[in-house]
Amino acid sequence: MDQATQLRNIIKCNQQRPVARVITVTSGKGGVGKSSISVNLALNLQALGKRVVILDADFGLANVEIMLGVRPRYNLADLIYNGKNLKQIITDGPNGIGFLSGGSGIQELVNLSREQIITLTNALCELDEIADVIIVDTGAGISDVVMEFIAASSEVLLVVTPEPTSMTDSYALLKTLSKREDFLAECIPLRMISNRVETISKGKELYDKLNVVVNKFLNINIEFLGAVPQDSYFSKAVFQQNPVTIAYPKSISAQAISELAFMINNNEIIEQQMKKGISQIFSNLFFKLGQ
Ligand SMILES: Nc1ncnc2c1ncn2[C@@H]1O[C@H](COP(=O)(O)OP(=O)(O)OP(=O)(O)O)[C@@H](O)[C@H]1O
């Protein structure tokens, strides 16, 4: 039995019980709209009746809290080092969504002792009771943390823009992922959101371009979730620290994100065994990073 499996056996969570759906949002390159899309998807899923918590795992860059205009008092590290409980470290966001800050640096969370990992992951089990969906906003790029998160996830959304660097960096991310022994492409639905496109059909063209290449050279298949057009209301909303879904709900970008959320909501992964809980994802992550 490997260490991570032994650990899972000690973790209190009973994997038979319902676990929150974890959706990991990532990108090959920074600045492509990953955090804004995470926040707006969260708001839309909440409006569709789900209880949503956003976990900002873009450690060090507190973009989500700036976008939501909230100031969390505590973060994940407070669970381990300062004896806080899960409810204390969740900040109330707009329209009932919850927000959990990853904190100022992954360094605080790597090299944890086995007991600390157990404390952390057991506390995270409680998230399954207070959330139906957890949206994890990862950092951009191919750092170890991002790769571990994606490989440990059960559902991934990849945000890509038409910029050539976004395309090449997305390819690089998928290439790094494809080389991992623990990445089973057929078990982790990878879906792409084309952002900042002229039209939805241009977004589909962008997807076709990337998918052809990753199919051919990496033997990975990505699915097209949909597209978000370039929209001045979107950047206006970011500037106002108010998500576009709230600030300009009728704008083309808010409407497009609402459609994406609708599709995500209707596309629950039914097989329970494919669904990994947030605690399992974290126990795998910290064990691997600490090795
Ligand atoms: N569809 C869009 N229309 C107009 N502007 C957009 C759109 N998507 C993103 N942007 C702009 O791109 C900027 C970056 O967005 P955001 O911070 O969400 O990206 P990110 O990928 O999370 O970045 P980071 O990697 O730095 O966290 C925002 O300031 C926003 O104004």
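Computed over heavy atoms, backbone and side chain alike; hydrogens, waters and symmetry mates excluded.
By the side chain to side chain contact (heavy atoms under 4.5 Å, CB included) test, Asp208 pairs with Lys204, sequence neighbours left out. Legend: residues meeting side chain to side chain donor-acceptor pair (under 3.5 Å) with Ser27, ordered by chain and number and at least two apart, are absent. With sequence neighbours excluded, no residue forms a side chain to side chain donor-acceptor pair (under 3.5 Å) with Asn95. In this structure Glu205 satisfies the side chain to side chain contact (heavy atoms under 4.5 Å, CB included) test together with Lys202, sequence neighbours excluded. Considering only residues two or more places apart in sequence or on other chains, Ala247 meets the side chain to side chain contact (heavy atoms under 4.5 Å, CB included) condition with Ala237, Gln240, Asn242. The salt bridge (charged side-chain N to carboxylate O under 4.0 Å, His left out) test applied to Glu163 returns Lys29, not counting sequence neighbours. For Ser178, there are no side chain to side chain donor-acceptor pair (under 3.5 Å) partners at least two apart in sequence or on another chain. Not counting sequence neighbours, Ser38 has no partner by the side chain to side chain donor-acceptor pair (under 3.5 Å) test. Partners of Lys84 by salt bridge (charged side-chain N to carboxylate O under 4.0 Å, His left out), not counting sequence neighbours: none found. For the side chain to side chain contact (heavy atoms under 4.5 Å, CB included) test, residues two or more places apart in sequence or in another chain that qualify with Thr245 are Asn40, Leu43, Asn44.
Heavy-atom minimum distance, Val133 versus Leu45: CG1-CD1, 4.2 Å. In terms of heavy-atom proximity, Val70 sits nearest to Phe99 at CG2-CD2, 3.9 Å. A pairwise comparison of heavy atoms in Val32 and Ser166 identifies CG1-OG, 3.9 Å as the closest pair. Taking both residues in full, the closest heavy atoms of Val39 and Pro243 are given as CG1-CG, 3.6 Å, listed atom of the first, atom of the second, then distance. Across all non-hydrogen atoms, the minimal contact from Gly102 to Asn75 is C-CB, 4.2 Å. Residues Thr161 and Leu206 come closest through the heavy atom pair C-CD2, 3.7 Å.
Hydrophobic cluster membership differs between Val244 and Ile252, with clusters built from Ile, Leu, Val, Met, Phe, Trp and Tyr side chains linked at under 4.5 angstrom. Ile150 and Leu218 end up in the same hydrophobic cluster when Ile, Leu, Val, Met, Phe, Trp and Tyr side chains are linked at under 4.5 Å. In terms of hydrophobic clustering, with Ile, Leu, Val, Met, Phe, Trp and Tyr side chains grouped at heavy-atom distances under 4.5 Å, Ile200 and Met263 are assigned to different clusters. By the criterion of side-chain heavy atoms lying less than 4.5 angstrom apart, applied directly or through intervening Ile, Leu, Val, Met, Phe, Trp or Tyr residues, Tyr171 is grouped together with Val156 in one hydrophobic cluster.
Looking at Thr138, its side chain does come within 3.5 Å of a backbone N or O of Val25 through a donor-acceptor pair. The closest donor-acceptor contact from the side chain of Glu129 to the backbone of Glu126 lies at 3.5 Å or more, if one exists at all. Under the 3.5 Å distance criterion, the side-chain polar atoms of Ser258 are left unmatched by any main-chain donor or acceptor of Ala254. Listed for the Asn211 side chain is a donor-acceptor partner under 3.5 Å among the backbone atoms of Ile222. Formation of a donor-acceptor pair under 3.5 Å by the Gln255 side chain with backbone atoms of Pro249 is found in this model.
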Audit row: Leu41, Ile23, side-chain contact (heavy atoms from CB on, under 4.5 Å) steps and yes/no: CA-CA 10 Å; Leu41 280 179; Ile23 302 173; 6.0 Å; no
Derivation and outcome, side-chain contact (heavy atoms from CB on, under 4.5 Å), residues Leu86 and Ile130: CA-CA 10 Å; Leu86 187 79; Ile130 58 175; 4.0 Å; yes
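Side-chain contact between Val22 and Glu155 is absent, with no heavy atoms from C-beta onward closer than 4.5 Å. Leu124 has its side chain within reach of Leu76: a pair of non-hydrogen atoms, C-beta onward, lies under 4.5 Å apart. The closest side-chain heavy-atom distance from Val136 to Ser153 is not below 4.5 Å. The shortest side-chain heavy-atom distance between Leu68 and Thr91 does not fall under the 4.5 Å cut-off. Looking at Ile264 and Leu157, their side chains come closer than 4.5 Å, going by heavy atoms from C-beta outward. The side-chain heavy atoms of Lys175 and Ile220, taken from C-beta on, include no pair separated by under 4.5 Å. For the pair Ile135 and Ile97, the minimum side-chain heavy-atom distance is 4.5 Å or more.
Rounding to the nearest 0.5 angstrom, the gap separating the OG atom in Ser36 from the CD1 atom in Ile257 is 7.5 Å. Note that CG of Leu210 and CG of Asn215 are 10.0 Å apart. Values are rounded to the nearest 0.5 Å. In this structure, NZ on Lys209 lies 12.0 Å from OG on Ser170, to the nearest 0.5 angstrom. In this structure, CD1 on Ile90 lies 11.5 Å from OG on Ser101, to the nearest 0.5 angstrom. Between Ile37 atom CD1 and Ile193 atom CD1 the span is 5.0 Å, to the nearest 0.5 Å. In this structure, CG in Leu173 is found 5.5 Å from OG1 in Thr26, a value given to the nearest 0.5 Å.
Counting non-hydrogen atoms of other residues, nucleotides and ligands closer than 6.0 Å to CD of Glu259 gives a total of 12 or fewer.
Looking at Arg51, Gln46, Lys50, Arg21 one by one, the single match for side chain to side chain donor-acceptor pair (under 3.5 Å) with Asp132 turns out to be Arg51.
Applying the salt bridge (charged side-chain N to carboxylate O under 4.0 Å, His left out) test to every pair with at least one member in residues 33-43, sequence neighbours left out, gives these pairs: Lys34-Asp58, Lys34-Asp137.
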Side chains of residues 224-235: which donor-acceptor partners sit under 3.5 Å, not counting sequence neighbours?
unit_1	atom_1	unit_2	atom_2	d
Gln230	OE1	Arg196	NE	2.8
Gln230	OE1	Arg196	NH2	3.4
Asp231	OD1	Tyr233	N	3.1
Asp231	OD2	Ser253	N	3.1
Asp231	OD2	Ser253	OG	2.6
Ser235	OG	Ser232	O	3.4

